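First the structure, in the form of structure tokens, and then the observations on it.
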Amino acid sequence: MQIWQLWAIVGFIFLFIEMMTPVLFFLTLAGASFFAGIAAYKWPDNTGAQVAAFVIFLPVFYFSVRPFMRRNDKEPQSTGIDGKYINQTAIVTKPIGKKETNGLGEIKIYGEVWQAKSCDGEEIPCDSIVKIIKNESLIMFVEKCE
């Protein structure tokens, strides 16, 4: 077995590891290994050239793959409760803001019943339409629509 074949095997091993753990780090090692293999094919007796090719191409591949490693979400994706409920309107099914219930009432949205509190402490009667402003755990904070 020739030395360039060993470099190629090492490169394929790094590619396999990259496929099992998609972090884009082992891809840089694989690319540098392949270039070291090319150097080994060209200069089979010069170990220094092989190591130099590996060392030189490792940062080249790292900085070329780095933009893909960093996750730059400029716009936050709205998922879950934020995307489905926030800024939507709901109907009050139990009065909100009463002192005897610690301000908790209930709203109904999409056929689901949620506990709700008023954002400003205002009492909101049944059958009123409210806008959901935020949520904390299982409590929706609402304000009355005009």
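Each residue takes its place number in the sequence, starting with 1. Predicted, not measured: the structure shown is a model, and the values here were computed from it.
- Note on Leu138: it clusters hydrophobically with Met140, by side-chain heavy-atom contacts below 4.5 Å among ILVMFWY residues.
- Rounded to the nearest 0.5 angstrom, Lys134 NZ and Lys117 NZ are separated by 10.5 Å.
- Grouping the Ile, Leu, Val, Met, Phe, Trp and Tyr side chains by contacts below 4.5 angstrom, directly or via other members, places Leu29 apart from Phe57.
- The environment of Ile91 atom CD1 is sparse: at most 12 non-hydrogen atoms of other residues, nucleotides or ligands sit within 6.0 angstrom.
- Linking ILVMFWY side-chain heavy atoms closer than 4.5 Å, directly or via other members, places Met19 and Val10 in two distinct hydrophobic clusters.
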Could you give the side-chain donor-acceptor pairs of residues 34-41 under 3.5 Å, partners two or more places apart or in another chain?
none

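- Screening residues 1-24 for side-chain hydrogen bond (donor to acceptor under 3.5 Å, both in side chains), with sequence neighbours left out, gives Gln2-Trp4, Trp7-Gln50.
- Side-chain contacts under 4.5 Å among hydrophobic residues (ILVMFWY), followed directly or transitively, place Trp43 with no other residue at all.
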Determine all donor-acceptor pairs shorter than 3.5 Å in which one atom belongs to a side chain in residues 119-132; sequence neighbours excluded.
residue, atom, partner, partner atom, Å
Asp120, OD1, Ser118, OG, 2.8
Asp120, OD1, Glu122, N, 3.2
Ser128, OG, Pro125, O, 2.9

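- A donor-acceptor pair under 3.5 Å is formed between the side chain of Asn135 and the backbone N or O of Ser137.
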Side chains of residues 101-111: which donor-acceptor partners sit under 3.5 Å, not counting sequence neighbours?
residue, atom, partner, partner atom, Å
Thr101, OG1, Lys98, O, 3.1
Thr101, OG1, Leu104, O, 2.9
Tyr110, OH, Lys84, O, 3.2

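- The line from CH2 of Trp114 to OG1 of Thr93 is 13.0 Å long, rounded to the nearest 0.5 Å.
- Under the ring-ring contact (aromatic ring centres under 6.0 Å, His included) criterion, no residue pair touches residues 13-32, with sequence neighbours excluded.
- Distance check, rounded to the nearest 0.5 Å: CG of Leu6 to CD1 of Ile13 gives 9.5 Å.
- The hydrophobic clustering, which links ILVMFWY residues whose side-chain heavy atoms are closer than 4.5 Å, places Ile9 and Leu27 together.
- Transitive grouping of hydrophobic side chains (ILVMFWY, heavy atoms separated by less than 4.5 Å) brings Val142 and Tyr85 into a common cluster.
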